[in-house]
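Worksheet: one structure, shown below.
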Amino acid sequence: MTDAERILYLRRELHRHNHNYYVLNNPEISDKEFDDMMHELQDLELFHPELDDPNSPTRRVGSDISKEFAQVAHRYPMLSLGNTYSEADVREFYERVRKLLNEDFEVCCELKFDGTSISLVYEDGKLVRAVTRGDGEKGDDVTQNVKTIRSIPLMLHGDYPRSFEIRGEILMPWESFETLNKEREAREEPLFANPRNAASGTLKSQNPAVVASRKLDAYLYYLLGEDIPGESHYENMQQAASWGFRISEHMKLARSFNEILDYIAYWDTERKNLPVATDGIVLKVNNLKQQQRLGYTAKSPRWAIAYKFQAERALTRLNRVTYQVGRTGAVTPVANLEPVQLSGTVVKRASLHNADIIEGFDLHIGDMVYVEKGGEIIPKITGVDTGSRSFMLGDKVRFITHCPECGSKLVRYEGEAAYYCPNETTCPPQIKGRIEHFISRKAMAIDGLGPETVDLFYRIGLIKDCADLYTLQARDIAGLERMGEKSAVNIIHGIADSRQVPFERVLFALGIRFVGATVAKVLASHFKSIDELKDATLTQLMEVNEIGEKIAQSIREYFSNETNLDIIERLRKAGVQLEREEKDEEQLSDSLSGLSIVISGVFAHHSRDEYKHMIEQHGGKNVGSVSAKTSFILAGENMGPAKLEKAAKLGVKIVSEEEFLHMIGS
C-alpha cells in the first residue's frame with residue numbers, strides 16, 4: 001500500500017470510528033488504537049503536504065492561527081421561533097394550524113436544546129461551511145472551529161443529496177461546562193453563567209485549538225435544500241441520521257393535542273437527566289407541503305412554535321453567610337442554605353456576588369429565599385419571601401468590614417462592586433492562590449503540583465511564596481502525605497523544567513492584577529526584561545498598545561511592593577527567565593523603521609499575531625487604531641468598515657497582504 005493509499009484508508013476509517021464513538025456511542029476500537037491511527041495519519045500528512053484535505057480527521061484538533069470571522073449571507077434566512085410559556089398558547093397554536101389547513105396533520109415534538117444555532121452546508125458529502133445565526137440574514141463563518149466538534153461529520157456516508165443545508169444547535173455538555181468553570185474559578189476568571197453562554201463564547205473563540213479542548217457537542221434538527229429526500233420533517237431527520245448526523249432520539253410524532261401535552265409533561269421532569277441543557281419543547285407541523293401552505297410571518301414560521309419551560313426554583317432557608325477570599329483579594333459572599341433539591345442536584349450553597357446584591361434583597365439570617373437554576377448551573381438567590389418572616393428572624397446580613405482570613409480592613413476600589421483584602425503579603429488564601437496561579441498550565445506549567453499539594457507545602461512551612469518552590473529538594477517532600485519518592489522526583493523535575501519557560505509566561509505567572517496572558521505577551525514584546533518593565537513610568541506603560549491607565553497603575557503598584565521585588569530577585573537567582581531570549585529580539589531588517597501600522601481583516605498566508613511579529617522584526621510599530629500618524633493599514637479580507645472609512649477620511653494608505661510581504665522581502 002502506497003503512502004497515498006494509506007492516507008486515504010486512515011481518513012476513511014477514522015471518520016467511521018469517529019461516528020461510531022461520538023454519534024452512535026458504540027466504539028469498535030480502543031481509544032489507544034484510535035489515537036495510534038490518528039498519529040500515523042498526522043505523520044503521513046506531514047510528509048505529503050500535496051495530499052492536503054481540509055476535511056481530514058486530523059483537522060479536529062484545531063490550529064492556533066487566529067482569524068477574525070468573515071460575514072456570510074444565509075441562503076435561507078434563519079428565523080427565530082415564536083415563544084410561549086403556557087399550555088393555553090400551545091392550544092391556540094394547534095387550533096390555528098388546524099383551521100388554516102382544514103385537514104389532518106401531525107406535529108413533530110422535539111426537545112429545544114439550549115445552545116447556539118448553527119447552519120452547516122454540505123457539498124458532495126463534505127462540510128464546506130458553518131455559519132452562526134447572526135442577525136438571521138447573515139452570520140459569522142466559524143467553519144474551522146466547527147470542524148473540531150467531533151459529533152459533526154466532515155464526510156458523509158450513504159445516499160445523501162449533492163448539496164444541502166442542515167441546521168442545529170451547538171452545545172456544551174454539563175460535564176464539560178462544570179470542568180470549564182472549575183478551571184476558570186481556580187484562575188479567578190469570571191464564570192460562565194450557563195452552558196449556552198459557554199458554547200457561544202467558545203464557538204466565537206479566535207483559536208480553534210481552544211474550541212477543540214472544550215468538547216462541544218451538536219444536535220441537528222432541520223434540513224433545507226432543493227433535493228431533500230423526504231416529504232416530512234421527521235422522515236428527513238431519520239435520513240440525516242443515516243448519513244452520519246447526530247439527531248435527537250427523543251423526537252416524537254403527535255397526532256392529537258393531548259399527545260403534545262403528554263410529551264411536554266414528560267420532558268418537563270425527565271430533561272433534568274439529560275447530559276445537555278434544554279429549555280423547552282419545539283413543535284413543528286411535520287408535512288413539508290403543509291409547512292409551505294402555512295408559510296411565514298416577518299419573524300417566524302407559522303408552522304412551528306417553541307414552548308419554554310418555567311425556570312425551576314425552590315424555597316429554602318438561609319442559615320448563614322460565609323465569605324471566600326481569592327488570590328486577588330476579592331471577597332465573595334456565599335449563602336449557606338438548608339439543602340434543597342433543584343434541577344436534579346442538592347443545592348446547599350449559592351453565590352450572593354457582592355455587597356450591593358445583599359443590600360438589595362434586605363437579607364436576614366433565617367429568611368426563606370427563592371433559589372433558581374433554570375438554564376443556570378450556578379445556583380442563585382432570586383428573591384426573598386418576606387411574607388414568611390416572623391419574630392424569630394435573625395440579624396440583618398451586612399457585608400463584613402474585615403478579611404475573614406487575616407483580619408485586615410477591606411477596601412472597595414472606585415468603579416468596582418467587590419470588596420478586597422489589601423493584605424497581599426500575608427493573607428493565606430491570597431498567597432496560596434498566587435502560587436497556584438504561578439504553577440498553572442498557562443503560566444509555569446509545573447507538572448505534579450496542584451492546589452492540594454500547594455496547601456500541604458504551605459501548611460507545613462515548606463513554601464511561603466512561588467520563589468520558595470525553587471529551593472525544594474526531593475528529600476524535603478518524599479514521605480509527606482500522599483507523596484512517594486517517585487512523585488517527589490517528578491515535582492522537582494517539573495520545577496527544574498520551568499526554568500526554561502519564556503519571559504512572557506513568567507510575567508503572566510507573577511499574577512500582577514489585570515495582567516492576563518495576552519497583556520503579558522504584549523508587555524514582554526515591548527519590554528525586553530523584567531527590569532525594563534519595573535523601571536517604566538506610568539506614561540511609558542500607557543504608550544504601549546492595549547495598555548490603559550488601570551493596567552499601567554496596577555503594574556506600578558506591583559513593583560512598588562518590596563515583597564514582590566524580593567520574590568523577583570529570588571526567581572532571578574533560581575534561573576527563571578526574566579528577559580526575552582536573543583532569538584526573540586532578532587531584527588531582520590529596518591524596512592519598516594519609523595512606520596506605525598494598523599492590522600485589519602482576515603489573512604490567507606499568516607495569522608494576525610504572526611504579522612504583528614513580522615512588523616516588529618522589520619522595525620515597525622503595531623498600533624491599534626487609525627489616526628493621522630498611521631503610516632498604512634495592512635488589510636486582509638473583510639476589513640472593518642469603520643477603519644476603512646476613517647482611513648479614507650485621513651488619507652491613510654491601504655496595503656494588501658501580498659504588497660506587505662513584498663515590502664519586507666518575504
Side-chain angles (χ1 to χ4, degrees), residues 1-67 118-131 141-160 162-166 168 170-173 176 199 202-203 205-220 240-247 607:
M1 184 181 292
T2 65
D3 282 358
E5 290 171 336
R6 182 65 178 170
I7 286 173
L8 291 175
Y9 168 78
L10 288 170
R11 285 173 179 167
R12 187 167 57 250
E13 284 299 289
L14 284 167
H15 279 309
R16 187 171 68 83
H17 289 306
N18 192 76
H19 177 255
N20 288 342
Y21 187 93
Y22 288 99
V23 179
L24 302 181
N25 197 26
N26 185 30
E28 294 179 1
I29 60 175
S30 68
D31 289 350
K32 185 180 185 306
E33 289 173 303
F34 184 92
D35 291 340
D36 288 344
M37 291 172 68
M38 182 68 78
H39 291 149
E40 182 186 354
L41 179 58
Q42 287 173 324
D43 291 341
L44 285 170
E45 288 181 339
L46 188 63
F47 284 107
H48 294 281
E50 74 279 5
L51 298 176
D52 178 64
D53 182 351
N55 285 315
S56 169
T58 57
R59 299 299 176 94
R60 295 287 195 185
V61 298
S63 76
D64 60 358
I65 293 180
S66 300
K67 290 187 177 181
I118 197 72
S119 164
L120 307 176
V121 177
Y122 284 79
E123 303 281 354
D124 298 317
K126 297 179 180 180
L127 174 65
V128 296
R129 189 175 301 112
V131 184
D141 187 333
V142 291
T143 308
Q144 296 310 312
N145 283 350
V146 164
K147 283 183 176 181
T148 70
I149 302 173
R150 296 180 182 270
S151 55
I152 291 180
L154 304 181
M155 306 280 292
L156 303 180
H157 52 258
D159 187 17
Y160 45 79
R162 190 193 68 78
S163 175
F164 67 91
E165 177 181 347
I166 190 167
I170 303 292
L171 303 153
M172 180 172 286
S176 300
T202 298
L203 194 62
S205 169
Q206 294 292 322
N207 188 343
V210 170
V211 184
S213 71
R214 291 186 178 176
K215 300 178 181 177
L216 296 178
D217 203 347
Y219 284 87
L220 287 307
S242 73
W243 305 333
F245 292 107
R246 181 194 286 277
I247 308 298
S607 71

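No experiment lies behind these values; they were computed from the predicted model shown.
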Contacts of type ring pair (Phe, Tyr, Trp, His ring centres under 6.0 Å), residue Tyr160, not counting sequence neighbours: none
Donor-acceptor pair, side chain of His157 and main chain of Ser242, under 3.5 angstrom: yes
Separation of Lys215 NZ from Ile149 CD1 (nearest 0.5 Å): 14.0 Å
Arg11 CZ to Met155 CE distance, which is reported to the nearest 0.5 Å: 9.0 Å
Option passing salt bridge (charged side-chain N to carboxylate O under 4.0 Å, His left out) with Arg6 (candidates Glu40, Glu45, Glu13): Glu40
Pairwise side-chain contact, Val131 with Val121, heavy-atom cut-off 4.5 Å (strictly under): no
Sequence-distant partners of Asp124, side chain to side chain contact (heavy atoms under 4.5 Å, CB included), two or more places apart: Arg162
Nearest heavy atoms of Pro57 and Leu14, plus distance in Å: CG-CB, 3.8 Å
Check: Ala218 main-chain N/O paired with Ser151 side-chain donor or acceptor under 3.5 Å: yes
Test side chain to side chain contact (heavy atoms under 4.5 Å, CB included) applied to Glu5 and Asp3, Ile7, Leu8, Thr2, the passing residue: Thr2
Between OH on residue Tyr219 and CD1 on residue Ile170, distance to nearest 0.5 Å: 12.0 Å
Nearest heavy atoms of Asp159 and Trp243, plus distance in Å: O-NE1, 3.2 Å
Heavy-atom closest contact (Ser56 atom, Leu41 atom, distance): OG-CD2, 3.9 Å
Spatial distance of atom CD1 (Ile118) from atom CG (Leu220) [nearest 0.5 Å]: 10.0 Å
Closest contact, heavy atoms only, Ala199 versus Leu171: CB-C, 4.1 Å
Where Leu203 and Val146 come nearest, the two heavy atoms and their spacing: CD1-CG2, 3.9 Å
Flag side-chain contact, heavy atom, 4.5 Å: Leu156 against Phe164: yes
Side chain Asn145, main chain Ser205, donor-acceptor under 3.5 Å: yes
Contact summary for Pro153 and Tyr122, nearest pair of heavy atoms: O-OH, 2.6 Å
Distance (rounded to the nearest 0.5 Å) between Glu123 CD and Glu165 CD: 10.5 Å
